[in-house]
Amino acid sequence: MLPEPLLSIYQQYKQDTNFVASWLASTAKVCGYPADLISPDASSTPQPKVKSARSKGKARKTGSKKGGASSGPSKYIIPLVNFVPLANHISQYKPLVSVPDAFATTINRLIDLRRGFAERMEEHGMNRDPKKDGNHNFFVGVLEAVRDSLKPRMSSKATETGIPSKDTKDKNKFAGLWVYEPSQAFLDAPAVERPQPGAGDGVIYEAEPQTSTDDTLFTFCLLMTDLHKIREQVKWMWSNHRTGMFDLATAAVATNTAVEFGHGLIDELEPLFKTVEHGALNLVTQFYCMLCLYKGLKEEDVMGNLDSPTEWFKYDHYDIADESFIMTYRLLHLLPHSIDPKTLPSIREGTLAPYNPNSNRESKSGKEKFLEDKSLIIEVFTELMTIIRLVPEYPACDELLRAIKEIDKNPKEPVPFWAVFAAQIFLDIQHTLRGSALKSVETMFNQLDSMRKDLEAHLEFHGSHRNDNWPASNDRLLAEKIKQIQWLLDDPLYRARSRLPHFRREPGPPKLHRLLLYSPVISGLILFRFRYEVYDIGIAVANAWGSIVSMGHLYNALQAENFLSPGRSWLDMRLAMTLLGDSSFWVGEGAFIRPSNPSEYFRRFCLQQGITAAAFGDPSKRRGKLNLNSRAGPRKIKDALAAVTALFAKRYCNSYSGQVDWTPEYVEDILAHSGSELTGMDDSSLVIESIDDPAKLREKRARAENKAKGKEKATATKIPAAELVTALVTCLQAESVEVAFPYLVLHRMAWRFLHIVQEECDPLLRQMYGPGYLGPEHRLPWVIGWIFMAASGSDGGPPDLTLLRLAGEALDECLSPEMGNGSIAINIARYMGFDIVLGEEEDDEDDIDEVERFMRSMVVGMNVVKR
């Protein structure tokens, strides 16, 4: 079903209708209308019991005593024929009843919507059955009679009515669809709050559903409007991906979510489809006919080809067929006939027109466009069936794959309409990207290969060194992740097909990764999954060894003391601090204020390493022996910093193939939990900025966390699916750099720098604290603790900045141009397609050219020093 927090146009129409019925019934009852005529009886519909989520603790015990969840208030359906008597009773009641403006506005909207739809159909020559037309007009007539009866009780402002004409139709990007799109006033209408039952009246009143053929077609048109808006949003995302505005993984996750929303919209009307002969296909056909007539075609030209086994529509009408889904519906209708549970579908040579994505689609005829679509659908169908039959462990599953699974599971059942929608989105993306789809796949392969090399470099870098936070079993998991990436890069689908007895190898080199070339969504979901998993590994490694945070403390101190050469900047560390947030680096009071003097360097470093705050208190106030270790242990980089991305990791990682549970709280997490805001957008650029105000960011995230914990209720506001997709793609894009940043590279860099600093300071450290000052390899970050101790005088001697100055000289050399300018990780991220610019950074065109050298040095250069 449609996720609870989202609002469809159909839902808005249904809410308006129920609002009218509910206000009439509840108000008439208060005014003395016979209660037996508006109370639950034989014609009432009891509220269905909804299985609630499993309660916890006391709530579960309480619920079990009461025998489960309550069935809720009774529901009573108000027949349409009762609307006018109820209105007349209210109008004649003394003392006079004032009709609220909300009711007047709502009923005006409903009349405009229904009457406008009928007039548009008639205007464009659709033959109408007088009986059916009478049913439709009867509903409109009842609403008008109700309005006329109550008009004397309405305010003068509320009595203003009118129907938007064709000439005054808002010329937005959907203007070409005005034949079935509701008026802008209806689309922009605020949410209507249903009247609460009166005291002792535990009844919910709803309007009698209208099930005539015209009513069904009208409702279907509302659905098509919602689906059209989602299609337009998806095209917008992928056109902006093509120009570099949106990352591949971002566009893929947002697109699959948009298709899930469309799936929910369609499921909501599934009972309606079952009331029509041939179901949704019949409604799609009628909708296609309606659009044809609107375009000025003659009825005989439209209807003559629908039953043809060779031509389902005139190719000159391709654009209409595409807009109405009829072409895609009939293409999918062919697929079940090719399914044999014992064999894998194959394509006979020469049966499909060759697909050339570099050709100009705009110059193609309708027939050429159709043959191209047919080739795309059948080609991707064979690839998806390979996953279903031979490679079920494939690491990504989008809505189109789910649809093909459904068709394969029930080949004798009609193709579900949501599967048609998923296939239409697939075609829309192909037509939007064309030849640039290859670039998207190359981007995915480059990033996956970079991740594989990064993991290999990590295993080689630390060798056999271990610590309590990083046992050998973790390295085995990393080795398995490397194998998974390599398995994917070797194209498991092609290898699985090549082992079949009937496999025929085509001449020339094998055509690998056909699925990924056809489906940028699956490519992006794969990238999203492995990127997040490697991100998770990178943060875990940084926390286990303490490399990034400890070197962040040293870098901050050297900057504050001006112990680095003018112009020296560790750009990778600066970006990591920005992405991970100050709270990942500094603890204690004023966590968002970086330490700026030696005593604070030492105190804040010790707190970060897990020393209790009591160690820095007044010794005279201590009771008993002081345990230096805090209960919380060493502070770590916070988990799930990329909050919105982390929500989707549950959906697309760990082979989980279910859908996201779109609760109101989940939606608010997306809208409120991100640490970034969209501050500007036009046709060529998207400006997403981090929230720099710590108080604002804390307030935003605390509000989201409180709602997640149930301390605050999620707002009841509902938003259209297309608007949520825009918010989602914005949040994911803002977090994409944070997730894609190569933290393992920065870890190795920081660890190497730690060794260099330790070697520079070692003679003096031995002189001051003895040869055993350091200990095993994993204690290397405490070199910085000894340096800060000397600088602050916390060792009992006078403050001495000599060690800190030596550390500055060592790090200064590390950040020299010969060592990569301290921006190796940033350059790798740029190589992967992320346009990263930090304040006061000078662009260097040679940086990108040098990335290959940096990547080759990840294993060699970062593995120079070992102990």
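Everything quoted here is computed from the prediction, not taken from an experiment.
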**OP:** Please step through salt bridge (Lys or Arg N to Asp or Glu O under 4.0 Å) for the pair R529 and E533, ending with a clear verdict.
**Re:** CA-CA 6 Å; R529 173 176 178 167; E533 290 174 346; 3.2 Å; yes
**OP:** Check the angle between the aromatic planes of Y518 and Y355 and answer parallel, tilted or perpendicular using the 30° and 60° thresholds.
**Re:**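 Judged by the thresholds at 30° and 60°, the geometry between Y518 and Y355 is tilted.
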Original post:
Tell me, which pairs form a salt bridge (Lys or Arg N to Asp or Glu O under 4.0 Å) where one or both residues lie in residues 427-442, sequence neighbours left out?
Top reply: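 Listed by first then second residue: R231-D428, E372-R434.
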Heavy-atom check, side chain of [X] versus side chain of [Y], under 4.5 Å:
X    : Y    : answer
H241 : S440 : yes
E735 : T250 : no
D475 : W470 : yes
R651 : F528 : no

**OP:** Measure from the side-chain N and O atoms of R495 to the backbone N and O of D490, and report whether any donor-acceptor pair falls under 3.5 Å.
**Re:**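 Answer holds: yes.
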**OP:** Using ring pair (Phe, Tyr, Trp, His ring centres under 6.0 Å) as the criterion, list what pairs up with W570, not counting sequence neighbours.
**Re:**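 Listed in chain order: Y555, F753.
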Original post:
Which one of L516, L515, I404 satisfies the side-chain contact (heavy atoms from CB on, under 4.5 Å) criterion with E383?
Top reply: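 Testing each of L516, L515, I404 against E383, the sole residue satisfying side-chain contact (heavy atoms from CB on, under 4.5 Å) is L515.
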Original post:
Knowing that exactly one of R752, H747, M749 qualifies, which makes a side-chain contact (heavy atoms from CB on, under 4.5 Å) with S547?
Top reply: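 With S547 as partner, R752, H747, M749 yield a single side-chain contact (heavy atoms from CB on, under 4.5 Å), made by H747.
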**OP:** Applying salt bridge (Lys or Arg N to Asp or Glu O under 4.0 Å), name anything that partners D398, two or more places apart in sequence or on another chain.
**Re:**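 Testing D398 for salt bridge (Lys or Arg N to Asp or Glu O under 4.0 Å), a comparison that skips the adjacent residues, returns none.
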Between [Y] and [X], is there a salt bridge with N-O shorter than 4.0 Å?
X    : Y    : value
D491 : R514 : no
R531 : D247 : yes
R748 : D454 : yes
K453 : E456 : no
R452 : D449 : yes

Subject >> Stepwise ring pair (Phe, Tyr, Trp, His ring centres under 6.0 Å) test for H513 and F445 >> reply: CA-CA 10 Å; H513 303 294; F445 285 139; 4.5 Å; yes
**OP:** Kindly compute the distance separating CZ (F246) from CE (M237), expressed to the nearest 0.5 Å.
**Re:**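 It is 7.5 Å, given to the nearest 0.5 Å.
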Original post:
Is it the case that Y831 and Q447 place a side-chain donor and acceptor less than 3.5 Å from each other?
Top reply: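 Note: Y831 and Q447 side chains miss the donor-acceptor criterion.
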